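Every value quoted in this text rests on a predicted model; they were computed, and no experiment measured them. In the text below, chain A, chain B and the rest are named by the order of the sequence lines, each starting its count at 1.
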Protein chains: 2
Amino acid sequence: MEEQGQASGDRAAPLSEQTAARLRTMVIEGELVPGQRLSEVRLSGDLGVSRNTLREAFRLLTREGLARHEPHRGVFVAVPSMAAILDIYRVRRLIEVPALTKAFPRHRAVAAMRKAVAEAEAARERRDWRAVGSANMRFHAAVVTLTESPRLIAFYTQVAAELRLAFGLLSDLEQLHEPFIAENTAILSAIERGDPEGAAVLLTAYLERSERTVLSAFARIEDEDDRRRRALVP
Amino acid sequence: MEEQGQASGDRAAPLSEQTAARLRTMVIEGELVPGQRLSEVRLSGDLGVSRNTLREAFRLLTREGLARHEPHRGVFVAVPSMAAILDIYRVRRLIEVPALTKAFPRHRAVAAMRKAVAEAEAARERRDWRAVGSANMRFHAAVVTLTESPRLIAFYTQVAAELRLAFGLLSDLEQLHEPFIAENTAILSAIERGDPEGAAVLLTAYLERSERTVLSAFARIEDEDDRRRRALVP
DNA sequence: ACAGAGGATTTGTTCAACAATCCGCGCTGG
DNA sequence: CCAGCGCGGATTGTTGAACAAATCCTCTGT
């Protein structure tokens, strides 16, 4: 019923928001790498919108945490830090676990969780790890949907986008996403058998493991960065 | 370290954000009433900024939930609904209670809580109920600060602003804010004696009572609105 | 090698114009 | 009298150009 695709040709959807959506996907897909400067004239040319419209889109992105805005210097794609990742997982724990404990099997969101698991498995068949990651995130977004709180859902969506930005920096997506399909399945079946407490325990373990995986992969990257930087300026 | 004062005279802060801040206070102070249309030409004239800059500010406000943007119709000051209030208190419970249970007495945020309580009492002496309400909100913002999570703090700030918008609709601010000074004091002393669990219980009760008060006052207003509207179109 | 001047570039902001859309009003026709 | 229609005015959406202010970059002079 609702939803408009973000493809071109939307009726009545402001161009600034369409542009923000395009930038959002470009950032998440890795087409724009973290730290990259977003020149107003360059981008407005590439996207075919005016500078003013682009600036309106920038305001949205910075508010979402996907871009950083330094006065008189420009806007840059946000670079995730270890602190950011720690914070994001803290938020995820705080929101997802209580959300899941209030789950009952007939809720619409549970159907969405089922669908996400199925899609993740299909994507694994194709060895499309990026798609596995997307489905994974959709599973957890569905968990938050259980709360039926518009504000919480919006907030979580934003934080999840930031996390995906961090994923983009990581190389071994298979190792990152593959093991967690089974965990999601376990969580789902706990819910379906009417055991939200058990599901919450599983989810907590999931989040802890996922956080550790991301952090260690991230630490490796920052290490390499440091070494490279030191090599340039010895 | 953090903090952005809302006072005038910020250096190097983009005009669009200054404008957004001005609008924010105008909305919260009730200078702009919920439902009111914000004409671009009119406001840009009044505030002395260009239409484009004002539009950038609008994007920020709508993203914060303080304004609604209807394509080709304009932006309007958000009108809080009962659903919004229910949602906001759900979010408050979810965030504030766990935050408080992790409190320890020497934390910087506890000092901020103390300060907020003192300011609320001072404002009560002056019978300045709006200021009491502000100090009240600052107390609870300080509670969230205990988490030291930038994302959570930002989110809570936003939700709190929305709640203050709802407060603006209510008439009897004394009845709304006065009883809760004592409750905050009790919460604070529970923390100071090293009993975060007890503090959390008190906070939960606080939130429940506050929600009931706001909801009932709000229901009365919606009733009057309905009656008035029905009187106009019989 | 270094500091600083000065020019080039980029952002910040305004303005004017036009297209697209919405809204209210009067007009027409039954 | 009233329903529907269309038209014009007002507002938003978007663009492009222009200029001020700040930052970056280079080049010079010592």
Side-chain angles (χ1 to χ4, degrees), chain A residues 4-24 27 32-33 35-63 66-79 229 232-234, chain B residues 4 6 8-24 27 32-33 35-63 66-79 229 232-234:
Chain A
Q4 320 266 57
Q6 73 276 49
S8 67
D10 267 355
R11 196 167 76 321
L15 186 54
S16 51
E17 304 212 13
Q18 286 176 245
T19 306
R22 276 214 272 170
L23 289 173
R24 215 172 287 134
V27 166
L32 300 173
V33 297
Q36 178 176 353
R37 175 137 173 276
L38 301 178
S39 159
E40 295 186 355
V41 289
R42 173 85 188 286
L43 253 189
S44 64
D46 289 356
L47 299 181
V49 304
S50 98
R51 240 182 84 200
N52 281 321
T53 304
L54 182 63
R55 283 169 64 86
E56 284 186 22
F58 279 169
R59 295 298 176 272
L60 299 177
L61 284 240
T62 61
R63 189 51 67 124
L66 290 183
R68 211 160 25 79
H69 175 68
E70 301 184 18
H72 287 283
R73 308 238 4 262
V75 321
F76 304 77
V77 180
V79 312
R229 225 171 297 143
L232 287 176
V233 186
Chain B
Q4 53 242 34
Q6 74 274 49
S8 64
D10 271 353
R11 79 189 174 331
L15 187 53
S16 51
E17 305 213 11
Q18 286 177 243
T19 306
R22 276 215 271 170
L23 289 174
R24 216 172 285 134
V27 165
L32 300 172
V33 297
Q36 178 176 352
R37 176 138 172 274
L38 300 177
S39 159
E40 295 186 355
V41 289
R42 173 86 188 284
L43 253 189
S44 64
D46 289 357
L47 298 180
V49 303
S50 97
R51 241 181 93 209
N52 280 324
T53 303
L54 184 63
R55 284 169 64 86
E56 284 185 21
F58 279 169
R59 295 298 176 273
L60 298 178
L61 282 240
T62 61
R63 186 58 69 142
L66 290 183
R68 273 181 53 78
H69 175 67
E70 302 183 18
H72 286 284
R73 308 243 0 264
V75 322
F76 304 78
V77 180
V79 312
R229 225 171 298 144
L232 287 176
V233 186

Any side-chain heavy atom of [X] sitting closer than 4.5 Å to one from [Y]?
X: T19(B); Y: L54(B); result: yes
X: Q36(A); Y: V33(A); result: yes
X: E40(A); Y: F58(A); result: yes
X: L23(A); Y: L66(A); result: no

Spacing between [X] atom [atom1] and [N] atom [atom2], to the nearest angstrom:
X: L15(A); N: dT12(D); atom1: CG; atom2: C1'; value: 14 Å
X: R73(B); N: dG13(D); atom1: CZ; atom2: P; value: 11 Å
X: N52(B); N: dA18(D); atom1: CG; atom2: P; value: 16 Å
X: R37(A); N: dC24(D); atom1: CZ; atom2: P; value: 9 Å
X: L47(B); N: dT13(C); atom1: CG; atom2: C1'; value: 15 Å
X: L54(B); N: dG13(D); atom1: CG; atom2: C1'; value: 14 Å
X: L43(B); N: dA10(D); atom1: CG; atom2: P; value: 19 Å
X: E56(A); N: dT15(D); atom1: CD; atom2: P; value: 10 Å

Among [options], which is the nearest nucleotide to the side chain of [X]?
X: S39(B); options: dT23(D), dT12(D), dT15(D); value: dT12(D)
X: H72(A); options: dT13(C), dA22(D), dT15(D); value: dA22(D)
X: R51(A); options: dT11(C), dT11(D), dT14(D); value: dT11(C)
X: R55(A); options: dT10(C), dT15(D), dT13(C); value: dT13(C)
X: T53(B); options: dC23(C), dT14(D), dT14(C); value: dT14(C)

Sugar-phosphate, base or nothing in reach of R42(B), heavy atoms under 4.0 Å: nothing
With R68(A) via side chain to side chain donor-acceptor pair (under 3.5 Å) - residues at least two apart: E70(A)
Whichever of V75(B) and V49(A) has its nearest DNA chain D nucleotide further upstream toward 5': V75(B)
